[in-house]
Amino acid sequence: MMIIISIILTTILLATIVMMLASILSKKMIIDREKSSPYECGFDPKGSGRLPFSLRFFLIAVIFLIFDVEITLLLPLASTIHITSIYSWLITGTIFLAILLFGLYYEWYQGALDWSN
């Protein structure tokens, strides 16, 4: 038993030493200004990295994520139809879909879904 433990500890120690040596040897020694700057697909990398971000796009993305998560919560409802009674299943599904539709209409009414503005 002691032999197995010593073999495991030796293997872990050797692996740690090899990883530390590989990290030290693979490090860049020459710092080049061109290579250390980010590549931005033809844009000037010396300019500002903080470009204005469309808040409307962010709102659409958040709304998409919210509705996407709610749809994934709605999918297991179909598999519970055989377990529960049809009336409780129908009431639960109707309430859940009503909440989804109310949220969609509210976002539409607030103008969050309009791209033209």
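Put simply, CD1 on I71 and CD1 on I66 are 12.5 Å apart, with the number rounded to the nearest 0.5 Å. A distance of 13.5 Å separates CG in L13 from CD1 in I8, rounded to the nearest 0.5 Å. The CE atom of M2 sits 12.0 Å away from atom CD1 of I7, with the distance rounded to the nearest 0.5 Å. Considering CD1 of I63 and CG of L104, their distance stands at 8.5 Å, rounded to 0.5 Å. One finds the CZ atom of F102 at 10.5 Å from the CD atom of E107 (value rounded to the nearest 0.5 Å).
Using a 4.5 Å cut-off between side-chain heavy atoms of Ile, Leu, Val, Met, Phe, Trp and Tyr, with links allowed through other members, L97 and L73 fall into the same hydrophobic cluster. Grouping the Ile, Leu, Val, Met, Phe, Trp and Tyr side chains by contacts below 4.5 angstrom, directly or via other members, places L74 with Y105. Taken together through direct or relayed side-chain contacts under 4.5 Å among Ile, Leu, Val, Met, Phe, Trp and Tyr, L101 and L90 form part of one hydrophobic cluster. In the hydrophobic cluster analysis, where Ile, Leu, Val, Met, Phe, Trp and Tyr join through side-chain heavy atoms closer than 4.5 angstrom, F64 is grouped apart from F58.
When each of I12, T11, T10, T16 is paired with L14, the side-chain contact (heavy atoms from CB on, under 4.5 Å) condition holds for T10 and for no other. With W89 as reference, I86 is the one residue of I86, I91, T92 to meet the side-chain contact (heavy atoms from CB on, under 4.5 Å) rule.
In L75, the CG atom is crowded: over 12 heavy atoms of neighbouring residues, nucleotides or ligands sit closer than 6.0 Å. Counting heavy atoms of neighbouring residues, nucleotides and ligands inside a 6.0 Å radius, atom CD1 of I3 does not exceed 12 of them.
In plain terms, the two heavy atoms of P76 and S79 that are nearest each other are O-OG, 2.8 Å.
Contact of the F96 side chain with the L77 side chain is not registered, since no non-hydrogen atoms from C-beta on lie closer than 4.5 Å.
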